[in-house]
Protein chains: 2
Amino acid sequence: MRDPVELFREHLRSKNMRCTQERDEIVRALSKTKKHFRIEDLVTDLKAKGSAASRATVYRTIPLLIESRMIRVAESNPGEESAYEYIYGRGHHDHLYCTRCNAHIEFEERGIELLQMDVARHYGYKLVGHRLELYVVCPQCRETGAREI
Amino acid sequence: MRDPVELFREHLRSKNMRCTQERDEIVRALSKTKKHFRIEDLVTDLKAKGSAASRATVYRTIPLLIESRMIRVAESNPGEESAYEYIYGRGHHDHLYCTRCNAHIEFEERGIELLQMDVARHYGYKLVGHRLELYVVCPQCRETGAREI
DNA sequence: TTGGCTGCAAAGTATTTGCAACATG
DNA sequence: CATGTTGCAAATACTTTGCAGCCAA
């Protein structure tokens, strides 16, 4: 697998953008994340690592990272802070979320992916991405009374 | 199909909440919407209909409507205004979005729904909902150069 | 050198909330 | 009439932006 920093640099070059220390540091920090991260997590992380990258730069870099397919939006709901996920070099997967305790599990179901392509093809479109979230109630939460989506 | 206003009233009663004129008006306005709506659209619509329901009341009512499964989140992305969709009494469907022109198409694929249930069952969970969005580039947009998700 | 990039702080947007008046049950 | 609900406006929370100095190419 290619070095993430170098890969992102190529993406920047292809757009005639500059390879800066801040952008390198952001990619380096992200490539070590395991879970979903929020902007605030990343900013704190960078600060802890002694990086100079500011919150504004992080916000400005996120769209570039999405564009280069190194990260993707993992959670986004009205009124809630969004979470992202570093995906470069990690197997594709979707998520199961417990609507009560918010725990999440990754899964992959090839059959669903294939049917998605069928659907797009059926309408004459080219599938370029998808977002699938399954909402469940996990056994531990099943007893308590809370809202279900 | 039950009257949406009455159905929502029952939901409110079941939670020991009050049936107010504002809440009735919101449901009545929603039951006539066809497309995805943003909070602002709804507020404007209510004002035009002479309803007294304010923006704050709309925001406070949305979670109740989601809970009662009369509406659902249709679009939500970081930094963008969310859009909702009235779903009561309308066939279940998911969406295809063109990432360039933002047009959207509804589709239903029973096979995907069944596989989703399999996935949840496989992990020992009860599936209570899902969100599936397919991102495509429509033929008209395919020529122009724009970002793909 | 010449733009693109950065940090800072200010500005925007979307959404939530405190409070006093009001309406429902 | 007791308490949930409402409108208003202020407060939040998240994200974007203008600008002057900085740095990559």
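Letters go in sequence order (proteins before strands), and every chain restarts at 1.
For DNA chain D, the neighbouring residues in residues 23-47 of chain A, judged by any heavy atom under 4.0 Å, are Ile39(A).
Looking at residues two or more places apart in sequence or on another chain, you find no ring pair (Phe, Tyr, Trp, His ring centres under 6.0 Å) involving His11(A). Residues that satisfy the side chain to side chain contact (heavy atoms under 4.5 Å, CB included) test with Ala103(A), not counting sequence neighbours, are Cys101(A). Annotation: side chain to side chain contact (heavy atoms under 4.5 Å, CB included) contacts of His36(A) (sequence neighbours excluded): Ala74(A), Glu75(A), Ala83(A), Glu85(A), His95(A), Tyr97(A), His104(A). Listed by chain and residue number, Pro78(A), Ser76(B), Tyr84(B) satisfy the side chain to side chain contact (heavy atoms under 4.5 Å, CB included) test with Ser82(B) (two or more places apart in sequence, or in another chain).
The side chain of Tyr59(A) places no N or O atom within less than 4.0 Å of a non-bridging phosphate oxygen (OP1 or OP2) of dT16(D). Of the side-chain N and O atoms in Ser82(B), one or more sit less than 4.0 angstrom from OP1 or OP2 of dT15(C).
Separating the CZ atom of Phe8(B) from the P atom of dT5(D) is a distance of 10 Å, rounded to the nearest angstrom. Atom-to-atom, CZ of Arg9(A) to C1' of dC5(C) comes out at 15 Å; the value is rounded to the nearest Å. Rounded to whole Å, atom P of dT16(C) lies 12 Å from atom CG of Asn77(A). The nearest whole Å value for the distance from the CG atom in Leu12(A) to the P atom in dC23(D) is 18 Å. dT16(C) atom C1' lies 15 Å from atom CG of Leu64(B), rounded to whole Å.
The backbone N or O of Leu7(A) lies less than 3.5 Å from no partner atom in the side chain of Arg2(A), so there is not a single donor-acceptor pair. Between the Arg23(A) side chain and the Arg18(A) main chain, a donor and an acceptor come within less than 3.5 Å of each other.
Under the side chain to side chain donor-acceptor pair (under 3.5 Å) test applied with His92(B), the options Glu106(B), Arg110(B), Glu108(B), Glu113(B) reduce to a single match, Glu113(B).
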What one-letter contact string describes nucleotides 18-25 of chain C from 5' to 3', where B marks a base within less than 4.0 Å of any protein heavy atom, S marks contact via sugar-phosphate atoms alone, and - marks no contact? B----BBS
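Ion pair Glu6(A)/Arg13(A) flagged as a salt bridge, since at least one NZ, NE, NH1 or NH2 atom sits closer than 4.0 Å to an Asp/Glu carboxylate oxygen.
The aromatic rings of Tyr123(B) and Tyr125(B) lie parallel to each other, their planes meeting at an angle below 30°, with 60° marking the opposite boundary.
Projected onto DNA chain D by closest heavy-atom contact, Ala53(B) and Arg55(A) fall at different nucleotides, the more 5' of which corresponds to Ala53(B).
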